[in-house]
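The next block holds one structure in the form of structure tokens; read it before the comments.
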Amino acid sequence: MSKILEDTTVYKCRKCGRRADVKVTYAKLLLCGDHFLDYIENRVLNSIRKYKMLNNVRKILVALSGGKDSLSLLYILSRIRNQLGLDEIVGVHIDLGLGAYSDESRILVEKACRDTNIQCTILSLKELTGHTLPELVEITRRPPCSLCGSFKRYLINLLAVELGVDAVILGHHMDDILVFAIKDFLFQDMVDLAKMTPVSTGIQGFLAKKIKLLYEIYEDDLYSYAYFSKIKTTGTQCPFKYMDPFKIAIRKMLDELEEYAPGFKISIARKLAETLGESRESEAIQPCKYCGMPSKNGVCGICNLTMKIYGEPLGPKIRTKIREKYCFTR
Ligand code: SF4
Ligand code: ZN
Ligand code: ZN
């Protein structure tokens, strides 16, 4: 992890000898803000090479929630894009209709895309389904985060397929990935555990490949990256935010081990990637008979859910709307 130094008068940057602003504990490095940004970008480039993340990838879709993780990811991508051989980068943000939180997140995403000169697509849940997330929670009585995750995954995958991108880039950092992986292991959820790989292969035509570019980047590194890049992040919180006690306990354990042995999390993340190998989507996945998106039994989760709400599967209509109209801002 990295720690922003409070007293910067004593230490010098290893690279340029100027005042050090940050201590990178796992690498025993003291760096100034500028060299810290370079350092993190190089670590991402190394992950891209090591895990062959962008092999045969020319066009990417970046999922942007508006939080520090995804916005830092966008800035990192924009600063290293010349070294990636990409033809096109498109950002996507889902406006969930969560009041001030959604409004602020959308504005921050639009600004970040303008600053980095990356094309931005905003998909509105209300426009596509007729309801905001709180309204859908009220109607279905399903847990908000599970409902939110289902719609976000569906819409991002659908847009990726319609745009014909080679991969979707996700903003999950190493701390989150390890917490999810350990929880999946404890609950023996091997299907979800298998998804904790740096790259998940897709299925041509209906399931996009997914890449976790921040696989070896600590959450603290992203705080520091956002700070030194002067990235503005949300001051509001999702009204549905829920702290899962299992995840809090696992994170606490990982943080303590990292404190005791700096670099421990990186070793575990590398072992995890090695053990899981390449994630291949199950052959049992097939296109939904209504909308053509991934399903396990011929009807996808969103068509299934919307049939119960509206009496008809909404997938085909959502697909047509996305095909015909998505909002571009630059
Ligand atoms: Fe969605 Fe839950 Fe995140 Fe809110 S906290 S944005 S409901 S996943
Ligand atoms: Zn320096
Ligand atoms: Zn469907």
Side-chain angles (χ1 to χ4, degrees), residues 5 8 11-24 29-42 63-70 93-106 108-109 125 128-129 132-138 140 142-158 161-162 170-172 176 180 206-207 224 228 234 236-244 247 285-310 312-320 322:
L5 298 168
T8 59
Y11 305 109
K12 291 201 179 339
C13 168
R14 168 91 66 89
K15 299 277 179 191
C16 66
R18 283 187 293 161
R19 262 180 12 193
D21 297 309
V22 58
K23 184 178 182 187
V24 186
L29 262 182
L30 289 161
L31 294 169
C32 67
D34 288 345
H35 279 115
F36 176 74
L37 298 183
D38 289 349
Y39 178 73
I40 295 301
E41 287 152 17
N42 278 322
L64 301 167
S65 67
K68 69 165 187 331
D69 306 340
S70 66
H93 172 74
I94 316 281
D95 183 339
L96 300 161
L98 290 164
Y101 169 73
S102 284
D103 294 343
E104 195 189 358
S105 303
R106 192 190 61 249
L108 288 173
V109 167
L125 189 65
L128 293 167
T129 66
T132 61
L133 185 65
E135 288 165 356
L136 286 166
V137 170
E138 184 71 30
T140 61
R142 277 185 50 181
C145 292
S146 139
L147 201 58
C148 177
S150 302
F151 273 102
K152 281 196 287 199
R153 277 190 300 276
Y154 180 85
L155 294 175
I156 290 172
N157 184 61
L158 181 45
V161 171
E162 284 298 331
L170 303 171
H172 304 307
D176 270 355
F180 277 113
F206 67 101
L207 181 59
S224 307
F228 292 116
T234 39
T236 47
Q237 241 192 15
C238 173
F240 290 126
K241 190 152 181 74
Y242 160 74
M243 304 302 278
D244 177 347
K247 289 186 184 158
I285 293 181
Q286 49 180 298
C288 167
K289 67 178 175 187
Y290 297 112
C291 68
M293 288 296 101
S295 76
K296 287 194 185 114
N297 53 12
V299 179
C300 74
I302 295 302
C303 282
N304 203 10
L305 179 76
T306 50
M307 263 195 286
K308 288 182 195 144
I309 305 175
Y310 305 101
E312 60 165 337
L314 219 56
K317 285 189 178 157
I318 295 175
R319 188 161 190 173
T320 307
I322 286 189

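It should be emphasised that the depicted structure is a prediction, and the values quoted were computed from it without experimental measurement. Every number for a ligand or one of its atoms is a count from 1 in the order of the listing. These numbers come from the heavy atoms of this one structure, side chains and all, not from hydrogens, waters or symmetry mates.
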Between [X] (side chain only) and [Y] (backbone N and O only), is there a donor and an acceptor less than 3.5 Å apart?
X: Asp95; Y: Asp103; value: no
X: Tyr154; Y: Met293; value: no
X: Ser295; Y: Gln286; value: yes
X: Glu162; Y: Ile322; value: no

Worksheet item: Should Lys308 and Leu305 be marked as a side-chain contact (heavy atoms from CB on, under 4.5 Å) after you check the CA-CA gap, both sets of side-chain angles, and the distance that decides it?
Response: CA-CA 5 Å; Lys308 288 182 195 144; Leu305 179 76; 5.6 Å; no
Discussion item. With side-chain contact (heavy atoms from CB on, under 4.5 Å) as the criterion, how do Asp34 and Arg18 come out once you've worked through the C-alpha distance, each side chain's angles and the decisive distance to 0.1 Å?
Written reply: CA-CA 10 Å; Asp34 288 345; Arg18 283 187 293 161; 3.4 Å; yes
Discussion item. Distance under 4.0 Å to a non-hydrogen atom of Cys238: what atoms of ligand 1 satisfy this?
Written reply: 4 (Fe), 5 (S), 6 (S), 7 (S)
Response to the item:
Between the CD1 atom in Ile309 and the CG atom in Asn304, the distance rounded to the nearest 0.5 Å is 10.5 Å
Practice prompt. Would you please test Ile302 and Cys291 for side-chain contact (heavy atoms from CB on, under 4.5 Å) and show each step?
Written response: CA-CA 9 Å; Ile302 295 302; Cys291 68; over 6 Å; no
Worksheet item: Given Gln237, Lys241, Lys152, which has its nearest heavy atom closest to atom 3 (Fe) of ligand 1?
Response: Lys152
Worksheet item: Considering only heavy atoms, which of Cys145, Ser105, Cys148, Pro239 lies nearest to atom 2 (Fe) of ligand 1?
Response: Cys145
Worksheet entry | 2.8 Å cut-off (strict), protein N, O or S atoms about the Zn ion (ligand 2) | 4
Discussion item. I want to check something: taking the side chain as every heavy atom from C-beta on, are Phe240 and Cys148 in contact at a cut-off of under 4.5 Å?
Written reply: no
Discussion item. If you define the side chain from C-beta out and look only at heavy atoms, does anything of Met307 sit under 4.5 Å from Tyr290?
Written reply: yes
Discussion item. Could you enumerate the protein N, O or S atoms under 2.8 Å from the Zn ion (ligand 3), written like residue then atom name?
Written reply: Cys288 SG, Cys291 SG, Cys300 SG, Cys303 SG
Worksheet entry | Step-by-step side-chain contact (heavy atoms from CB on, under 4.5 Å) determination, Lys289 to Val299 | CA-CA 6 Å; Lys289 67 178 175 187; Val299 179; 3.9 Å; yes
